[in-house]
Amino acid sequence: MARLHAESNGTAPHGKSKYNGRLRAGCHDKRGSWGADDSESGATAYALHVSKLSTATKRLLLGRPFRSDKLGHTLLPKRIALPVFASDAMSSVAYAPEEIFLVLSVAGISAYAYTPWIGLSVAIVMAVVVASYRQNVHAYPSGGGDYEVATVNLGPTAGLTVGSALMVDYVLTVAVSISSAASNIGSALPFVAQHKVLFAVAAIVLLTAVNLRGIRESGTAFAIPTYAFIVGMFLMLGWGFFRIYVLGEDVHAESSSFTLNAEDSHLYGIAFAFLIARAFSSGCAALTGVEAISNGVPAFQKPKSRNAATTLLLLGSIAIVLLMGIIILAQKIGIVYAHNPEEQLVGAPEGYHQKTLIAQIAEAVFSGFPIGFFFMAIVTALILVLAANTAFNGFPVLGSILAQDRYLPRQLHTRGDRLAFSNGILFLSGAAIAFVVVFGAEVTKLIQLYIVGVFVSFVLSQTGMIKHWTRHLKSETDKSQRARMQRSRVINSIGLAMTATVLIIVLITKFAAGAWIAIVAMVAIFIVMKMIRKHYDSVAAELEEQEWDGVLPSRTHSIVLVSKLHMPTMRALAYARATRPDTLEAITVNVDEPDTRALVREWEKSDVTVPLKVIESPYREITKPVLDYVKRVRRDAPRDVVTVFIPEYVVGHWWEQILHNQSALRLKSRLLFQPGVMVTSVPWQLSSSAKAKPLDVEKTAGATRRGYDTGEK
């Protein structure tokens, strides 16, 4: 316990204390134990003034902030909403057929005969899911999507399960799409192939910056490449089928002359059925992104539900046509796509590099027209990069809703400068970068974790919608409305049956290959969100259950911390006196005997009427002696409120902040935990902080007292 040195020879004139007794010398910063130069306000000045460069950079990258009443400016028309929300589904079309061919290659070329049927099965499931989600969009237009449907109809636990599943799926959407883009671009640019992780991280950072500008701006930026991909795909498929069926030309892929060694050509019965099921589950990657529109309904222009449903129908129609077109044309031109090209392909030239499925189709269809081939290669790579944009629009909205329900930190609920959910965007970016780094941007590793989450949400959402229609049918009497509801319930029932079947197949075929990691991540997120909700609930209960008793403190005891007798100290004393406390005193901590003696002598010679007390600090500490003294005051008078005034400098340059320590910041952080103690910072603006002053501040009477030192003599 630090010792308090009060006067020993009576009270000095004007209430000043006399400092008698021997002081223990100690080494410390000669500027004093705390005070103006030890303050937190240096950090505040740094944020206000020195951050001009960072603010200018932020404005350059993100643009000017939008007022809240300009939210309508960010809403999307259908022509922009389609590329914003369709890029994930479109990118899935680029690699889902490829995954089907890869899985079937294990059984040899003969297994390719099943590709159209597998593709058709995937297309049917997609059509049913799209039809089901159109019901969701009309029934729940608030943007909660699967989470809201499950929460309202199945309870908070089911809703939280959907929320955790979708969060994992969104993160993996970014990681898989960007990693796939890195692989595709790396096949043409060796540098990217050698630095896939670096490229993927840079691409995620770039997407983050674009989305932070606002969803309308990101949608406009992504519209051109997305539409270019769609148009390019339709041109490629249309020209390919025209050459084959109308012109009667023989169109062959470069790999059509190769033969394929089956890794296991003796698959029969259950084993072969398992292979077909695995190919089907891989092809179902084409369904990812369908749910994004139901989660992003608030981003649409009015009428929101109708525009979202129309966009969803367009997305599903385009995706189904492209999926089936790619599979049929790839089979027609004889593409041989191997899971292990080096060992399986026979007849390939030495050093042969297996191109992607889209690249082989484009090369065959646009033979003699290399511009067409390069155009498809470029737009395919772009769409794979932009596929992550769907997650950047869906995840922040979902995070905002979960935060509003107190399952995630409140910071995720609010919009940023550009009316985008900036914190959610940054959170998604950080999580995706972590997955990319951990898995080395390898698509083959990440793809095994994929689509589990989205099908979990599909199943629970369809179950919730069935319960939704059943509940409303009990009270609806209008025949036309009942017919509509019954039709919607049938659609959702079919959707439940199909998505549940796919989920079971996915879990069986992919669990051991890595899907278990996604499941573990979902469980971890579920538990964390439960804990966050428990914390918020306990805080709310604690604050609401206790009633204010209306009892005022008996007395107020004010303490001014002093390191030197200078202008900041005088201002702190004046302000403390203006609060009219019952008791007012100044204290200093003895960490350097000569400095403390000099302060006491100066104090006694001044006309300051506030008594000064010196606290001994044998170990040259500052925080603990002050805390002990404040505790002692509180213990002697428990019903008193103690107010501690700390004079602080306000500096204007970052290097000035470095030159001053943070003793006051540490002291204030400790005092905040003391019951019945208030902490007041009294700033003193130095001349270097002049730029922080209002532009109309002039040298007027009282300017110096208020801390506005203009530097005039």
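Being a predicted model, the structure only gives us computed values, none of them experimental.
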| Does S429 have any side-chain hydrogen bond (donor to acceptor under 3.5 Å, both in side chains) partners at least two apart in sequence or in another chain, and if so, which? |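 Once residues adjacent in sequence are excluded, the partners of S429 under the side-chain hydrogen bond (donor to acceptor under 3.5 Å, both in side chains) criterion are T208.
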
Over all atoms of both residues, closest heavy-atom pair of [X] and [Y]:
X	Y	result
V682	F645	CG2-CD2, 4.2 Å
D146	S461	OD1-OG, 2.9 Å
T569	K564	OG1-O, 2.6 Å
A572	P647	CB-CB, 4.0 Å
V162	A150	CG2-CB, 3.7 Å
P625	E616	CB-O, 4.3 Å

| task | Would you confirm whether D169, through its side chain, and A165, through its main-chain N or O, come within 3.5 Å as a donor-acceptor pair? | result |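 Checking the backbone N and O of A165 against the side chain of D169, no donor-acceptor pair under 3.5 Å is found.
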
| request: Would you please name every residue forming a salt bridge (charged side-chain N to carboxylate O under 4.0 Å, His left out) with D405, sequence neighbours left out? | output: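 Residues passing salt bridge (charged side-chain N to carboxylate O under 4.0 Å, His left out) with D405: none at all.
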
| With R555 via salt bridge (charged side-chain N to carboxylate O under 4.0 Å, His left out) - residues at least two apart |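 By the salt bridge (charged side-chain N to carboxylate O under 4.0 Å, His left out) rule, R555 matches D640.
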
Between [X] and [Y], is any pair of side-chain heavy atoms under 4.5 Å apart?
X	Y	result
V610	R577	yes
L561	L667	yes
T623	L671	no
T588	I615	no
V174	F435	no
R634	Q674	no
M570	V608	yes
L408	M529	yes

[atom2] on [Y] to [atom1] on [X], rounded to 0.5 Å:
X	Y	atom1	atom2	result
D582	H557	CG	NE2	10.0 Å
S617	K624	OG	NZ	9.0 Å
L612	I587	CG	CD1	9.0 Å
R571	W684	CZ	CH2	6.5 Å
L166	L460	CG	CG	9.5 Å
Y407	S164	OH	OG	11.5 Å

| Is it true that K668 and E648 have a side-chain N and a carboxylate O under 4.0 angstrom from each other? |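 Looking at K668 and E648, the cut-off is met.
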
| field | Short side-chain donor-acceptor distance under 3.5 Å, H535 and S538 | value |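 Their side chains do not contain a donor-acceptor pair, so the 3.5 Å distance test is not met.
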
| request: Before giving the answer on side chain to side chain contact (heavy atoms under 4.5 Å, CB included), spell out for V642 and M678 the whole-Å C-alpha distance, their side-chain angles and the decisive distance to 0.1 Å. | output: CA-CA 6 Å; V642 178; M678 312 297 173; over 6 Å; no

| field | Pairs where residues 519-533 contributes a residue and the test salt bridge (Lys or Arg N to Asp or Glu O under 4.0 Å) is met, not counting sequence neighbours | value |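 Pairs touching residues 519-533 that pass the test: R533-D537.
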
| said: Tell me whether the count of non-hydrogen atoms from other residues, nucleotides or ligands lying under 6.0 Å of OH in Y575 goes above 12. | reply: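 It does not: Y575 OH has 12 such atoms or fewer within range.
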
| message | With side chain to side chain contact (heavy atoms under 4.5 Å, CB included) as the criterion, how do V644 and V630 come out once you've worked through the C-alpha distance, each side chain's angles and the decisive distance to 0.1 Å? | response | CA-CA 9 Å; V644 181; V630 172; 4.2 Å; yes

| How would you list, by chain and number, every residue that makes a side chain to side chain contact (heavy atoms under 4.5 Å, CB included) with V438, sequence neighbours excluded? |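 Once residues adjacent in sequence are excluded, V438 has no partner under the side chain to side chain contact (heavy atoms under 4.5 Å, CB included) criterion.
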
| task | List for me each residue that meets side chain to side chain contact (heavy atoms under 4.5 Å, CB included) alongside V528, sequence neighbours excluded, and say none if there are none. | result |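 Residues passing side chain to side chain contact (heavy atoms under 4.5 Å, CB included) with V528: I532.
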
| query | Could you go step by step and tell me if T161 and Y147 meet the side chain to side chain contact (heavy atoms under 4.5 Å, CB included) rule? | reply | CA-CA 8 Å; T161 302; Y147 167 72; over 6 Å; no

| message | Please verify the inter-ring angle class for F395 with F427; under 30° counts as parallel, over 60° as perpendicular, anything in between as tilted. | response |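 Rings of F395 and F427: parallel, as their planes differ by under 30°.
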
| Audit row: T556, T583, side chain to side chain contact (heavy atoms under 4.5 Å, CB included) steps and yes/no | CA-CA 7 Å; T556 57; T583 304; over 6 Å; no

